**Q** 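Dropping the structure in here first, questions after.
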Amino acid sequence: CRLMCKVALADLSLGNFSEAEDQINEALNFCKADQDFHEVYEIMGSSLSKRGRIKESINANEKSDEYFAKFQNPIDSVFITLNRLPNYFEIGKEDIALKKLYDGTEKLLHPFNLLAGFGQILLGGTNEDKKLLKTGINSMEEFLKIKDFPWIRLFIPYGNALLHMVEKNYDEAIDLFQELLKGAIGMRSEIVWQIVKCHNRNKDYQSAIKIATEELENEPYHSKIILEVSKAYIAENEIQKAKENLTKLLNIWEGADEEYVYFQEAKKLWKDLNKSKATA
């Protein structure tokens, strides 16, 4: 099953989405241990999320988390569940995200209940909620005073970078995100996406295009970065390049959930571009 998952990941990187989906579904037939099921459902959730099928992604992630809890400790289980919460925000289910956040962490004894701060940072960044971000950063700082877990430290500068972004301090946010790129290898694409967003909001569209283009050479089907670079091309009046990227994006998001906020945004950009052409 792990070999088939590697093939699926290769297909995803090449944009062979149907082939990847077939490989992942087939891999389930070869799972034996709880860890096998966890890994296959994890990849399934990630694949569906990239394609904007967030509801299906949530279902796959929940199955992955159930298997994960069978062979890992409760703290890690909570942490991995918190990492999924932004998906609920992205389809307008904020109430479910917040309920899962507090249901998951209130069972933990102090200081581990402070790990709610991780979820608050993720949700605050997704929903651009300054108060939630500050609460999350404070909780994580308090936790690290009691338990110095090195792998948790990076979430404080990440939270501060998101806070700067919400407060429109884009240069400060970019500096923090750039510093994070040196150590947070597993979060690289997510951080690059945030940097591109900052440049766009700062109206530095050429920097946004440069950074996005470089990242897309390595991850050509990173949908959220494609969305941001499309905005930059529109702002620079490079309409043909914007259309090429939006066409690619809407192909990736074929079958996406209608509620998915980024899908709605992409469709609006495409509609506005074609409306402008018709008017001209």
Side-chain angles (χ1 to χ4, degrees), residues 1-72 76-77 79-91 93 122 184-193 212-230 244-263 266-267:
C1 69
R2 292 177 188 178
L3 178 60
M4 295 184 77
C5 282
K6 287 181 180 178
V7 174
L9 290 172
D11 276 324
L12 285 171
S13 69
L14 295 168
N16 301 328
F17 300 117
S18 296
E19 291 86 343
E21 189 169 341
D22 290 342
Q23 283 284 332
I24 294 165
N25 288 327
E26 185 68 17
L28 285 172
N29 296 323
F30 295 92
C31 291
K32 295 180 180 179
D34 292 333
Q35 190 167 352
D36 297 336
F37 282 104
H38 158 66
E39 290 181 6
V40 174
Y41 279 119
E42 175 82 11
I43 292 170
M44 182 186 292
S46 176
S47 169
L48 291 165
S49 177
K50 286 179 181 178
R51 302 206 65 195
R53 292 158 61 182
I54 307 302
K55 295 174 187 174
E56 292 176 78
S57 173
I58 287 171
N59 289 335
N61 286 337
E62 286 178 348
K63 290 177 183 176
S64 175
D65 295 350
E66 286 173 13
Y67 283 106
F68 187 80
K70 294 178 181 180
F71 64 89
Q72 280 292 358
D76 287 339
S77 294
F79 216 84
I80 199 170
T81 300
L82 294 180
N83 196 40
R84 324 282 199 192
L85 296 182
N87 278 344
Y88 292 95
F89 266 59
E90 292 171 354
I91 55 171
K93 303 291 184 182
L122 294 181
I185 297 172
M187 295 176 64
R188 178 178 174 81
S189 293
E190 178 74 17
I191 292 169
V192 170
W193 173 51
T213 303
E214 288 172 356
E215 186 65 17
L216 289 170
E217 287 178 4
N218 297 315
E219 285 211 40
Y221 294 94
H222 193 293
S223 47
K224 292 176 183 176
I225 294 177
I226 297 172
L227 177 60
E228 287 301 316
V229 79
S230 300
E244 288 170 4
N245 277 276
L246 284 172
T247 299
K248 180 180 180 180
L249 181 58
L250 292 172
N251 284 332
I252 294 170
W253 283 342
E254 183 183 9
D257 297 329
E258 284 296 327
E259 304 96 322
Y260 185 38
V261 291
Y262 300 116
F263 180 49
K267 287 198 300 180

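Residues take their numbers from the sequence shown, with the count starting at 1. The structure presented is a predicted model; accordingly, all values stated were derived computationally and were not measured.
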**Q** What heavy-atom pair brings Ala8 and Ile24 nearest, and what distance separates the two atoms?
**A** CB-CG1, 3.6 Å
**Q** Taking the six-membered ring for Trp, are Trp253 and Tyr260 ring centroids under 6.0 Å apart?
**A** yes
**Q** First locate atom NZ of Lys50, then atom CG of Leu12, and finally report the distance between them rounded to the nearest 0.5 Å.
**A** 5.5 Å
**Q** Is any side-chain heavy atom of Glu258 closer than 4.5 Å to one of Lys267?
**A** yes
**Q** For the residue pair Phe17 and Tyr221, categorise the inter-ring angle as parallel (less than 30°), tilted (30 to 60°) or perpendicular (more than 60°).
**A** perpendicular
**Q** Just by distance, do the side chain of Asn87 and the backbone of Ile58 share a donor-acceptor pair under 3.5 Å?
**A** no
**Q** Please check: side-chain N/O of Thr81 versus main-chain N/O of Ser77, any donor-acceptor pairing under 3.5 Å?
**A** yes
**Q** What do you reckon, is NZ of Lys63 surrounded by more than 12 foreign heavy atoms closer than 6.0 Å?
**A** no
**Q** If the threshold is 4.0 Å, N to carboxylate O, is there a salt bridge linking Lys93 and Glu259?
**A** no
**Q** Nearest 0.5 angstrom please: Met44 CE to Glu56 CD, how far?
**A** 9.5 Å
**Q** Ser57 side chain to Arg53 main-chain N or O, any donor-acceptor pair under 3.5 Å?
**A** no
**Q** When you measure from the side chain of Asn61 to the backbone of Arg84, do you find a donor-acceptor pair of N or O atoms at a distance under 3.5 Å?
**A** no
**Q** For the residue pair Phe68 and His38, categorise the inter-ring angle as parallel (less than 30°), tilted (30 to 60°) or perpendicular (more than 60°).
**A** tilted
**Q** Rounded to the nearest 0.5 Å, what separates atom CE in Met4 from atom CG in Asn25?
**A** 9.5 Å
**Q** Rounded to the nearest 0.5 Å, what separation is found between the CD atom of Glu66 and the NZ atom of Lys70?
**A** 7.5 Å
**Q** Check for a donor-acceptor pair, side chain of Asp36 on one end and backbone N or O of Ala33 on the other, with a separation under 3.5 Å.
**A** yes
**Q** Would one find more than 12 heavy atoms of other residues, nucleotides or ligands at under 6.0 Å from atom CD of Glu254?
**A** no
